Amino acid sequence: MLNAYTSDEIRAAERKLMARLPEGTLMGRAAAGLAVACARALPRVYGARVLLLVGAGDNGGDTLYAGALLARRGARVDAVLAAPRAHAGGLAALRRAGGRAAGLPDGPPDADPRLTGLVRRADLIMDGLVGIGGSGALREPYAALARLAGGAPGVVVAVDVPSGVDASTGEIAGEAVRAHLTVTFGAVKAGLLVDPGASRAGTLLPVDIGLGPDLPEPGVVALTGAEVAGLLPRPGAESDKYRRGVVGVVAGSDRFTGAAVLAVGGAVRAGAGLVRFAGAADPVRQVRARWPEAVTKIIAPEEGVAEVGRVQAWVLGPGMGTGDGALELARAVLATDVPVLVDADGLTVTAREPGLLRRRAPTLITPHAGELGRLLDVPAGDVEARRLHHARRAAAEFGVTVLLKGSTTVVAEEGGPVRVNRTGTPWLATGGTGDVLAGIAGAYLAAGLACADAAACAAHVHGLAGRAAATGPEGGEAPIAAMDVAERLPAAVRALTSGS
Ligand SMILES: NC(=O)C1=CN([C@@H]2O[C@H](COP(=O)(O)OP(=O)(O)OC[C@H]3O[C@@H](n4cnc5c(N)ncnc54)[C@H](OP(=O)(O)O)[C@@H]3O)[C@@H](O)[C@H]2O)[C@@H](O)CC1
Ligand SMILES: Nc1ncnc2c1ncn2[C@@H]1O[C@H](COP(=O)(O)OP(=O)(O)O)[C@@H](O)[C@H]1O
Ligand SMILES: [K+]
């Protein structure tokens, strides 16, 4: 499990640890780890040009000490001091090691030829403007320096967090540094795992400074492949198709037949014991043609799902339409006493009657930002900008588990940590992949996994399958279709369970 924390949690742990150690020990450990990471990111240290962007706080202090270590190994180190004050010990160390430091010129930094020259020529830039002490949008001149680093040809290394990214949430209020590598101290910050912050961090490199025993229970976690493999349902000698889990899928409409085929495909390929599909005549025909494994039934909305047969979990919504008939079907499925996954159109219609989501049996909703925005009555852009906040809020408000899709998938439930999935690829941003995801998670629910486990495992496996589809065995990357993701599921699960 990769555990991630807020700035306050890290600070509290640091305070406890610092009380037991001589002053400066933690900064020394942080700077040493940072210098090693930077040295590894350079082809050679001797003669390399290194530029330090230094803020007034301890984040700048780490950067100056690390710069001093590189200068001692022969790097040509220049520090730009973004504020009138800088960490005194760090500055002295850099100068002693032969590094140079200067303040900012008058006027805009991006119009200063010396500064733009330093940025252009730097093999490596360390962003030490702000770390966990940052709050709100980057102020000037920090914001201008972050912009300058954005256009630099060299490697950009964020110190602890990319400046401008909220370390606790991943939110970005204004300008933010875009790093190739983030060297983060003590423990991973939650904002490095959640977009928009996560995509500014590049590769994450945690440096252990001894905080472990002082850290609390994490508020955000990412499951490892081995943990997901351990949770995935697996048939045993006593299994039969019913015990493995029967998933009911209510999806598609005469207008949207593909969503039904894809959701059923996700469930079949994820290992459901049996898939029962119920819907309008057209999607039933399509599902039967593509997935002869599924048992199908044509239903009219007023019939409900009582005659479809016994299932252990329902998937409700992909492509089912948003009219009154769809709402009637949603009412029928949500009135059952088994776990229900609500996706896509199912969410759009329940947004008209959110009380339907309050059930005794578990409920998992799988919105993208637009769908969650409709449920919470906030713009989709705000959901994307504040993913952790809105996913947690919806879980609390509706009493459900929430899997919020998009560039970072987060799974939130009351009383547990948020789980973040890191296996996906932007190639998944294509029509129908969400329908496949719903089918996968539905199969896991039917097999008996709790909502948060089913959601986290489904997102993990779906992300792996998406990546495998986009990269293929010959390397490179190519566009994918949603059905490719369903087809790659068995290979993704095989790779996961074999530990490769
Ligand atoms: N504690 C420890 O043991 C260890 C800590 N470590 C390191 O210390 C870092 C935390 O250091 P920190 O607490 O000094 O805060 P830091 O991130 O440098 O920022 C504060 C400065 O930024 C400024 N500022 C804030 N927001 C701003 C904005 N929007 N735009 C512009 N400026 C803004 C703020 O200005 P102010 O608001 O006060 O005027 C103040 O000057 C941590 O990330 C890690 O790198 C490691 O060495 C390991 C051990
Ligand atoms: N930029 C991205 N990076 C990674 N995954 C993405 C990105 N954009 C979308 N996805 C994933 O692609 C899928 C799209 O689902 P959804 O929006 O429901 O599409 P559809 O309704 O067409 O099936 C989700 O699993 C989502 O997490
Ligand atoms: K930083």
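Just follow the structure's listing: the first ligand is 1, and inside any ligand the first atom is 1. On a predicted model such as this, the values are computed, not experimentally measured, just so you know. Numbering starts at 1 and runs along the sequence shown.
Contact between Gly432 and ligand 2 is present, with at least one heavy atom of the residue lying under 4.0 Å from the ligand. Ligand 1 does not have Gly55 within reach: every non-hydrogen atom of the residue lies 4.0 Å or more from it. For the pair Arg15 and ligand 1, no heavy-atom separation below 4.0 Å is found.
For atom 13 (C) of ligand 2, the choice among Thr366, Asp345, Thr433 with the nearest heavy atom turns out to be Thr433. Nearest-heavy-atom check against atom 30 (N) of ligand 1 across Lys189, Arg85, Arg139, Met27 picks out Arg139.
Less than 4.0 angstrom separates some heavy atom of Gly431 from each of these atoms of ligand 2: 22 (O). Remark: ligand 2 atoms within the under-4.0 Å shell around heavy atoms of His462 are 25 (O).
Lys405 CD, 3.6 Å is the protein heavy atom nearest to atom 24 (C) of ligand 2. From the protein, the heavy atom lying nearest to atom 21 (O) of ligand 2 is Asp435 OD1, 4.3 Å. Of the protein's heavy atoms, Ala56 CB, 3.3 Å lies nearest to atom 41 (O) of ligand 1.
The backbone and the side chain of Asn59 each have at least one atom closer than 4.0 Å to an atom of ligand 1 (non-hydrogen atoms only).
In summary, Val130 places an N/O/S atom under 3.4 Å from the K ion (ligand 3), meeting the contact criterion.
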